[in-house]
Participant: 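One structure follows; several queries about it will come next.
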Amino acid sequence: MYRNKLRRTGEVSWEIPADSTRGMLVPAKIFASEEMLPSIDDSALTQISNAATLPGVVLHTVAMPDIHSGYGLPIGGVMATDPVTGVVSPGAAGYDINCGVRIMRTPINFAQASAVRGTLAERLMTAVPGGVGRGGVHELEHDDYRNIAEHGAGWAVNKGLGFKDDLANCESNGRLEGAELKHAGNHAMKRGRDQMGTLGSGNHFCEIQHVDEIYDQEVADKWGLSKGQILVMIHTGSRGFGHQVATEYLETMEHAMKKYGITVPDRELACAPMESEEGREYLSAMRTAANYAWANRQVIMHSVRTALADIFHIEPESMRLLYDVAHNIIKIERHLVNGKQTNILVHRKGATRSFPAGNPELADVFKETGQPVLVPGDMGRMSFLLAGSAKSMDESFGSSCHGAGRRLSRHQALKQAGSGKKIQEGLSARGIEVRAAGRQTLAEEMPDAYKDVSQVVDVVATAGLAKMVARMRPVVVIKG
DNA sequence: ATGTCC
């Protein structure tokens, strides 16, 4: 029982010390307030401790306040390995490779959007296909795939689905290098062929929000944000394409573990040395899926941009991407390890990169402010924009939280919600128009199914991982 | 998250 091992290290930080009898090579660090701690499930604490046993793990594993139990690594977990002696673990990125969030600015104000929110909901449902297995309008040819693997979001921009500066405002410019299509494989290509530009299901969404609170006016000014402004937030990933990649390589890793004589306390943490054939090929396939996801969010954003331009009689050019973050991904990054700047392999699952001002990877404006950290809440309450701050580099491999975190399982939510229609009517009475492609989605995704996201961002702000910039409230929510 | 069991 790892909960008994927790010791307090700060106002909102806790540690499970490295324990050789359990094979832990490094401690596990947990960010949470004292009142949130009981709501963190035991299995999530076990998982973040198990991750600390992986070969080549460096410094500590990290759990964010929105942590909950996942496949292998908990959602809300960060784990980093040494690229020479360490492993890569597909379960530590998860099935939805490069699931992430982007947010687009508009010149529309709250009153304008609110007045036509019913129309907006209907138009967005048409513009952005959603639902399990749902295909879209873009049928991908082999040439498209080659370009997606190489250029990520740039593939969409090259096709006219976006502007050049959209790319500069994505984490990693919306593409990772070292993505070879052949490593993703034919089955993934088949599953992803008609899913480009689609939302998927579950907690994926497209949301019209208004800025209702600004905490840091200076940063908000630099980011072009003002109170009452309408923003569009999009949350989705690599669809069936990334799912297939994850499925195939998890199987590959089971064999690789035997081959390399690696043992792990949980087979869901199956892994291989990063420098092995299996490790390199997975990373290549994972990057290809990440690039597919960036292209997907780009296509969706441009569809929404086109629809809004039509509805409000404004220029598409008046709507620019503020930022796009990946919250399920594995990347080589430069961090200070034992007093030395070193390349390490950072695995983030349900955790957002949170690089501070001055980081050389950031575009110019974000070098001044720190990168935007996008934290969606639930569909009835609020979401947050934060800026990466310096302590994240010392404490959490430059990472912060990614959302509210579930409070109820889908099954529990379904039982408590009654019907999706009731949820929809309740939200509509509060000025929030919601629509979903799936029959059960609204009930499963009801606001009460989630923890209060403001408690989550309070923790990361108190810990100094990110600082508060703005709060947004939903106006129109499209669910998968 | 996911052609929610090849």
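Predicted, not measured: the structure shown is a model, and the values here were computed from it. Protein chains get the first letters and strands the later ones, always in sequence-line order, with residue 1 at the start of each.
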Participant: Rounding to a whole Å, what distance do you find between A/Leu199:CG and B/dT2:C1'?
Facilitator: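 Rounded to the whole Å, the gap is 14 Å.
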Participant: Round to the nearest Å and state the distance from A/His187 atom NE2 to B/dC6 atom C1'.
Facilitator: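 Atom-to-atom, A/His187 to B/dC6, this comes out as 10 Å.
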Participant: Using whole Å, what does the distance between atom C1' of nucleotide B/dT2 and atom CD of A/Gln195 come to?
Facilitator: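 A/Gln195 atom CD is separated from B/dT2 atom C1' by 9 Å.
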Participant: Within the structure shown, what part of the strands sits under 4.0 Å from A/Arg410 by heavy-atom distance: base, sugar-phosphate, or nothing?
Facilitator: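 If one applies the 4.0 Å heavy-atom cut-off, A/Arg410 turns out to touch the sugar-phosphate alone, with no base involved.
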Participant: Scan A/Gly202 against the nucleic acid and name what it touches under 4.0 Å (heavy atoms): base, sugar-phosphate only, or nothing.
Facilitator: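 If one applies the 4.0 Å heavy-atom cut-off, A/Gly202 turns out to touch the sugar-phosphate alone, with no base involved.
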Participant: Categorize A/Gln440 for me: base, sugar-phosphate, or nothing, with a 4.0 angstrom heavy-atom threshold over every strand shown.
Facilitator: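 Nothing, no nucleic acid heavy atom in range.
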Participant: Within this structure, what is the NE2-to-P distance between A/His243 and B/dC5, rounded to whole angstrom?
Facilitator: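 The distance from NE2 of A/His243 to P of B/dC5 comes to 9 Å, rounded to the nearest Å.
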Participant: Would you indicate what A/His327 reaches in the nucleic acid, counting non-hydrogen atoms under 4.0 angstrom: base, sugar-phosphate, or nothing?
Facilitator: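 Nothing, no nucleic acid heavy atom in range.
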Participant: My understanding is that only residues two or more places apart in sequence, or in another chain, count here; which of them pass side-chain contact (heavy atoms from CB on, under 4.5 Å) with A/Pro474?
Facilitator: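 With sequence neighbours excluded, A/Pro474 shows a side-chain contact (heavy atoms from CB on, under 4.5 Å) to A/Glu207, A/Ile432, A/Val477, given in chain and number order.
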Participant: Would you give me the side-chain donor-acceptor pairs under 3.5 Å for residues 51-65 of chain A, sequence neighbours excluded?
Facilitator:
from    : atom 1 : to       : atom 2 : distance (Å)
A/Thr53 : OG1    : A/Asn50  : O      : 2.7
A/His60 : NE2    : A/Glu395 : O      : 3.3
A/Thr61 : OG1    : A/Ile48  : O      : 2.9

Participant: Rounded to the Å, how far apart are A/Glu444 CD and B/dT4 P?
Facilitator: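 Nearest whole value for this atom pair: 14 Å.
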Participant: A/Lys190 has an atom NZ; how far is it from atom P of B/dC6, in whole Å?
Facilitator: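 Result: 13 Å.
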Participant: Is it true that atom CZ of A/Arg267 has more than 12 heavy atoms of other residues, nucleotides or ligands lying nearer than 6.0 Å?
Facilitator: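 Atom CZ in A/Arg267 is not packed in, count stays at 12 or less.
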